[in-house]
Every structure is written in C-alpha cells, then in structure tokens.
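A note on names: the letters A, B, ... follow the listed sequences, proteins ahead of strands, and every chain is numbered from 1. Treat the numbers as computed from the prediction; the structure is a model and nothing was measured.
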Amino acid sequence: MSSDQNFQVNLGGVIRLLSDHLYGGPEVFIRELLQNSVDAITARRKIDASYSGRIRVEVITSDRGNTVCVEDDGIGLTESEVHQFLATIGESSKSGDLSRGDFIGQFGIGLLSAFVVSDEITVLTQSARDSAQPVQWTGRANGTYAVTQLSQSLPVGTQVFLRSRPGKEEFFEPERVQELLRYFGHHLPWPIEFHSKGTVANITETAPWRQAFASDAQRRETLLRYGRATFGPEFLDAVPLRSETGSVDGVAFVLPFTASPASRHTHRVYLKNMLLTESAGSLLPEWAFFVRCVINADRLRPNAARDAFYKDDALEKTQQEIGRCLKDYLISLSQFDRRRLEQLIRLHYLPIKSLATEDEEFYRLFIRWLPFETTTGSVTLEEYFQSNKSLRYVKDVDQFRQIASVASAQGLCLFNGGYAYDAELLDKLPEEFPGHDIRPMEASELVQDFEELSLEESQQVFDLIKLADIVLQKYKCRVEARRFVPAELPALYTANNSARFLRSVEQSTEVADDMWSGILNNVAAAVGADGYAQLVLNFRNPLIRKLTEIPDKSLLKRIIEVLYLQSLLLGHYPLSSEERKILGSGLLGLIEHFLANE
Amino acid sequence: MSSDYDSILQRLNEVPPGRERIAVFEELIRMADSNKDVPMAYDVRRDYCRLCCEEGAPEKGIVAFSWCLAQFDKDPQLDDEHSLIWQYKVILELIPIFHTVSRDQIVKLQEDMAKRLEHLGVSERTAHYYRSWNLMRMGDYDQALSYQETYMAMARDSMSDCKACEADRQVELLVRMHKDEEALKLAKPIMSGRMRCGEVPEFTNAHLVKALIRVGKEAEAVELAKSGYKIAHGERKYLGTIGDLLLVPIRVRDFQTGLRQITKHLPWVVDSAAGELKFRFLHAASLYFEAFAAQAPGKTIKIRLPESLGIAQEGDQYEAAALAEAFLKQAQEFAVLFNRRNGNTRYDQLIADNRVIAGLA
C-alpha cells in the first residue's frame, strides 16, 4: 500500500541554490526588485494608458542596520494575489491573463532573491483595483509569512522593505545601492529617484543610441565616448543597430585591434531596458567577431540564468538582422568613407572575408578591396589588376612556402590561397573578373615556366639526371634540370597535396601493423594521383654544373641524396628514419671522400 | 625548440577552423617529427585527426589515427585508452565511405576495435553498434537490423554514442529499407528539436526528406531541405548530406537553388577522397541537369565547373543533357566500385531511390 506525501522544502537551502546557480550574485536583488516595479507599472498602464509611472528607492540608515525601500506606483496586489503570488514558490503574477511578453520578470520568483541579502521582507501594497484594501505581507527566510489587512489607506502601488542580514551589509550601503540601481536600471523608461541622507539623485537616462543629435559627427562622438566608458578601448567606429524581429536596438563598436574568430567577444545586453548581462555571446552572426555591442531587446526570451537568450527562431532572425545592419554599414563605408573602410579592412579583413564567402552581393562589392598574401607582399585585387591581366594562386600554405622564394626571385607575383577563406574567395574570381586569366596552380607547375636547357646542356646533364632519377625513385621523387633564379639555390623540391599526403601515409605505414598498412594504402589509392614529388636541379648553380663532370658514380649518388635531403629540410619536411640514416651516411661518406683526396 | 612550438600554437588559436587550421597542424606535426618528439607528435596528431574528421578530410584523419594507434600500442602511457578508442569509433565510422577499402578490411578493423573495447572492460554493445553501421553502409540491411536490435536490447555504457546519434543511425537504416512511417515516428524527437547533438539533426535531415517525400509530405520535405541545408552548408563533412537534400529542390524544380548549391559544393567534390560522399553529390547533380534538360529540352546552362572534374569547357556554357550524362557517368563509376566492394547491388537501388525522390522516376 502506498500514500502520497509532500516533499519538505527547505526555503533557506532553495534560496542558497538560487543565489549560487540561478542568480548571478547577491546584488541581483536590486535588479529583481526594479523588475517587479517596472512590471507593476506596465500592468497599471494596461488598465490606464494615461498613467505614467515612477519608482522611488531609499536607503534608511540606522545603527541596527540599513534598510532599503523600493516603492512604485504600479498596479499593486490584492490580498488574494498576495497569498497566491508571494506565498507560493514558483507562482508568478505575470503568468496570467496579461500578455507575458510585456513583463521582464516573474514577481514572486524575483522577490525570492531578496532573501539572499535579507532575513525578512515586508511588502506593503495597495491594488489599483476598486475596493481593494491595502495589505501587509511579511516573509521570513525560514519559510514563514504573515499577511495583515491594513486599516489606514495607502497610495496605489507597492513598497518593499528589506533590512540587511548579517554579512550582507555592503549591499545596503547607499553608494552601493545607487551604483547597482544605475548598473541595472540606467536605461529604464520610468524615472527612478534615489533618496539617501537627505539627497535625491535621478538614476535613469535615455540610452545614447536613442538620443537625438544635431549631426552625425556628434552622434558618433557621443557613442564612441559611451563605448569607451562601457568597454574600455577607443573603438574605431560605432554602428547603430536595429532589428524588428527581436525588437532590438543598440550600437556595435568596431574593435580597434584585430580579433581572432576564437576570441568571442561578449556584449552588454538589456532586456526591456533592464541590464540582463554583460557577457552575452551568440547574439551576432558568426562572422561578426570584429565588434562588441550594447543592445536592448524587447522580444527575445532570456534563459533561466538570465545571461543569454534562448536559441529560437526569433534569435536567429535577430542575428540576421543585426548582421544586415553591419553589412549595410560596411557597404555605406565603401560608398562614402573609403579611408575608414581601408582602416577597418586592415584590421578586420578576416571577418569581412568570412562574410564574403557567405554572401554573393557582399563578395561582389568587397572582393577588390580585400588583401591577399602574395610573393611580392600583401596586395588587394584592385591594386593587382591595375597592371596584371592574369593571376595564379596556390591553394595551400605549404605549397606557397615551397616556391615563394623562387617565385619572388623571378619577379612572379603568386597568390597564397592557403589562409582562411582565401582559396574559396579566389576560386570565385573568374566570374567577377571576366577577361582575366585566373586559375589555381600546383607548386610543381611553376617549374614548367623555368627556362629550358639548350640541347647541348641537356646532353651535358643527361647522365646526372638519369642517375638522380634512379637514386630518388625509392623516395617517389622525379628529377629534372632547368635554369632558374636564385642561382645560389642548387635544387628545388616541390610536392603537391597528394605527394605530401603520400609522405604522411608512408610515415604511418612505417609504424603500422599489416592490417592498418593495407587500409592506409587503400585510402591513399582513393586520393589518387601518383604522389610523385619533384626535384629540379638548377643549371645556373655552379655546383650543379660541376656535378656533370664527376665520373665517380658512387660519389655522385651520395651527393644527389644529400642534395635531395637538404631540399627537404629547406621545405621543413621531416625525414623518415631511412632518410635520416642516409643523410648521416651520405655526409660521412662525403667527408671521407674529401679527406682521402686531401 | 619549445619557442618554435609556441609560435605555431599561437597561430592555431588565431585561425578559424578550416583548411588553414589543418595546414598549421601539419606544420606542427612536421616540427614534432623532425624533433623526434613522440609525445608531442602524438598529441598534435590526435587533435589533428579530430580536426580533419570534423573538417571533411577523413583520409588525413585516418592516416594520423593509425600512427597514433601504433604508437599507443608501443607505449600505452601516451594516451588515455578510453579517449583513444573513442576516436577509433569515429575512424571506424568513416572507413566504409572509402570505395577503395575492402569489405574484409572493414570487418577486420571493426573486430580489432571490438577486441580493444573488450580489453577496456565495456560490453559488446558498441561493437554490435558498429557491426550494424558497417553492414548498413555495405548494403546488408537485414543483418544490420539484426545487430541493431541486439545492441538496442543491451544497456548503454560509457562507450555508447549519444542518444541522438543512435537515433540518427536507426532512422537512416529504416529509410534505406523504405520503412518511412516508422522512421518518421522514431525521428519525432529529432524533428521537434528535443533530441540533438553536434551532428544531429544535420545528418538526419538527409534521410528524413526522403521519407517525407515518399509518404507524400512534400511541403514538409521542402521546408526541411531548406533548414537542413542552412545548418549543413558550411561544413565539408556534410557533402553527402547536402547532395541528398539537393534532391528536394530538384523535385520541385527549384533550379535557382539547385544551381547555387551545385556551384558552391562541386569544388568540395574535387577535394574529397571519400567515394560515398562524392557519389551522393555527383548523382544529385546529374539528376539536377536531367531535370533541367527535361524542363527545357535543348537549353544550355551557364555554370562554373572545377577544371579538375574533367568536364569544364571554355566559355562555361553547357548542354544540360550533356552535363547530366557526364555527372551520371562519374556517379555510376563510384556505384560500380561500391557494389563490387560490398558484394551486392545496393548502389543501384540508391540510384533508383534518388530518381524517385527527385521526381524523375
């Protein structure tokens, strides 16, 4: 037989849990109390549109501990509402008939946060509904509460009194309370008066991005000042943001330094003008990692911890709309302020390139201004096409490195497509620049442009090349001779993607068992290509020319191997264990030969 | 030497995921190998392997993994066995998509992992899960189903894939077997967003659009293909998925969307070494041009084709019917290779299924 029993809930424990996990810290009690006041005003305006609300906060100092009183002239609560909402954890006055979207918080739930700093909360409230009597509710952290009907009349609204609990006195110091009010409620739409020790201060101020300015320059200056005060740096620019979907407005600040996509910057976010968090991520499209934002959202849904928004359709649309604002900003710079655009591109070409890979229209507008690394330094396509009709690029950094020095010695401007987004952007160029000869190339193709040897020279080098081909066959490397600059370079090793991949397969098969070796070879077969690398001997180099005169084949063999291995090392290729052995024995052999001939 | 590592490691933090990141890792591997620094070479290869699998370069991941596994067998101190075997799972999952890896090799590999799982002290559930997966990829659906039932009857453990991944596999098998209603029912939590993970619903959407079309829910399939493409279009590992989703715009003769997607992803086909992914995209592309040609017989189409595909012509103008034929030929070459490897004709069925989905049956 079984019977249903109620759980025993320890309110103090629940509050500690809330404090540690749900709320950001003890100071959020100010935010929660402000939220209740704002929501009460919103509710009253629903029944009386002409009414305009106000919030009054006072710190009453005393030797027995300070008291904070938060007072509003909102809708107030009737006695039954007090029982329902203030005495039942999890109930909220804002889940009923009034549209949830109009409110920031959840009254009863928010009030709980006050127990984090206070052992006793007193609420005096007069409902705006006819004939309701004022009520006093006193709740204690031990889970008990009392409700009393008051005989004297009260103005419509609610007053909440808290006295600091031992250890939490700092949150009741007038300066701290005022600071917290500003922090959370600075941009709230209702006036907040702060009273303490006979002085009165106004807390609220219109958000700077909503203020009217005499000129664009003045607005920019004010927003940049605000950005500096909020985040610290002297930002490069300030971009107004607006999204209809999440009813979002705000301002994006362009970072004055290059940001990496990995270092996600956080944003300051207000929800219905109340500060929600200073560490919101995932508000912007992925590519927009060059800005930090301050925004207010009226219609996005915060998560339970209130430090981010739910990932729903509205958030996704909002991200797109914010992305659109930033894109429009960049486009307008391209039309009206090229100098600033150039400055921005210098720092933030990476996010701009990222956007250009996703957005055709943006690609067409911006591609000519984006910088690419080439063998003659960083250039934009606009600069490059002023004096060139053809463009060659390699698709990975390794190949670029292999041939960069040779290409630049020959005055060839070769583009490096190996950096993030570059190959994808360069691949699309032929469509954008019809009439230009643009194509990717493999490092080994460069060799095809090297100067051919004369018939006589070919005959001279014939035996050397034949021997070198035989010697390097086991390394899957072919040999040929050409003339190229720089003349000091005796040989150039190039390996395309599949050759490099094959090298890595060989490294793995060296250590793998039979089963894995078989699999690796079959996977390599799927990659295709013969995987041969290429060693080009430079006939301009005196050493190479001398080699053609050496009759001693075993000596020549050693020299060829050492030349090959030296070229590998120049290209930062690790040597296999066999290659290491050969490098050692080859060098020793050469030394022996040299000493014997001395 | 550590300062050399430091500067490359610093660069790793700066580059976004993608091909450049892979290149930076390769530089680190070369440096560690040159220094004969096995622990460093191991750690870097392990991370590189994960990155390559994520970035749609599984062939590189497989090569790096085999190196790590061989080193680990020599010196078990190099890694935590559990995390190594977890990566083994990922590799085993990728092996069958290579047309060049034989059936015998796949089975041997799967049993090698089964032994290692046993050594690790976990149940045979995960081994059965991969037996089912491999059999499905090799077209033995009934046997795959039988292993699926076996593993589903066993308790999950620390080596089990997440629930979303498991559901995705089950849905794929059902869709391959044309048990569409059953698949859609099973996929409900995935479709509602309640069940998800890093790769689900991305992979699952490709199966679901087929099921939706076959049960007559074309409008839902169109929406799912749209949202599915949106979340998968940026990652090369979803090349096959993107090919499957493309069948839907072809079906509703949305030629603009189809052309945009084909132009964007054909370069990935060229770069990819995984026959299954290439097949799925190439076949969808052939059906696109077939549908285009059928709609406007004799009409030409302008499209940028990667040169290394071997189809590109000067002027970029093509007869749609000729393109359909050229792409079909390439897709069929893979189908023949997979049928031969698998010892059955499932790829012929996949081709026939795709035609139905694309509205060309």
Which bit of B:Arg45 is near chain A, if near means a heavy-atom gap under 4.5 Å: side chain, backbone, both or neither? side chain
Out of A:Ala512, A:Gly518, A:Pro434, A:Pro440, which one racks up the most heavy-atom pairs below 4.5 Å with chain B? A:Gly518
Answer yes or no: is there a side-chain heavy-atom contact under 4.5 Å between B:Trp67 and A:Leu520? no
Sorted by first residue and then second, give each salt bridge (Lys or Arg N to Asp or Glu O under 4.0 Å) pair with at least one member in residues 58-69 of chain B; sequence neighbours left out. B:Glu26-B:Lys60
Chain A interface, residue from B:Asp33, B:Val24, B:Ile95 that has the most non-hydrogen pairs under 4.5 Å: B:Asp33
Where B:His99 and A:Ala526 come nearest, the two heavy atoms and their spacing: CE1-CB, 4.0 Å
So what's closer than 4.5 Å to chain A heavy atoms on B:Lys278: side chain, backbone, both or neither? neither
Atom CZ of B:Arg116 with >12 non-hydrogen neighbours under 6.0 angstrom: yes
Side chain, backbone, both or neither of B:Ile91 within contact of chain A (heavy atoms, under 4.5 Å): side chain
Please check if the number of heavy atoms outside A:Glu510 that lie under 6.0 Å from its CD is greater than 12. yes
A side-chain contact here means heavy atoms from C-beta on lying under 4.5 Å apart; do B:Arg19 and A:Asp422 qualify? no
When you check the gap from the basic side-chain N to the acidic O, do A:Asp398 and B:Arg30 get nearer than 4.0 Å? yes
Test salt bridge (Lys or Arg N to Asp or Glu O under 4.0 Å) applied to B:Lys302 and A:Glu431, step by step: CA-CA 11 Å; B:Lys302 204 160 184 184; A:Glu431 233 170 71; over 6 Å; no
To the nearest 0.5 Å, what is the distance between NZ on B:Lys108 and CD1 on A:Ile519? 9.0 Å
Would you say B:Arg340 has more than 12 foreign heavy atoms packed within less than 6.0 Å of its CZ? no
Measuring heavy-atom distances to chain B, does A:Lys428 have an atom under 4.5 Å in its side chain, in its backbone, in both, or in neither? both
Got a sec: does the CD of A:Glu286 have more than 12 other heavy atoms crowding it under 6.0 Å? no
State, yes or no, whether a side-chain contact exists between A:Trp516 and B:Leu109 at a heavy-atom distance under 4.5 Å. yes
Any B:Phe98 side-chain heavy atom under 4.5 Å of A:Asn522 side chain: no
Look up atom CG in A:Asp513 and atom CG in B:Leu69, then write down how far apart they are to the nearest 0.5 Å. 7.5 Å
Is the shortest heavy-atom distance from the side chain of B:Phe65 to the side chain of A:Ser508 under 4.5 Å? no
Based on non-hydrogen pairs under 4.5 Å, which of A:Val511, A:Asp396, A:Val505 is most in contact with chain B? A:Val511
Considering only heavy atoms, which portion of A:Tyr419 lies under 4.5 Å from any heavy atom of chain B: side chain, backbone, both, or neither? both
Check whether any side-chain heavy atom of A:Glu316 sits under 4.5 Å from a side-chain heavy atom of B:Lys230, and report yes or no. yes
Heavy-atom cut-off 4.5 Å, strictly under: side chain, backbone, both or neither for B:Asp112 against chain A? side chain
Residues from residues 347-366 of chain A approaching chain B under 4.5 Å (heavy atoms): A:Leu350, A:Thr357
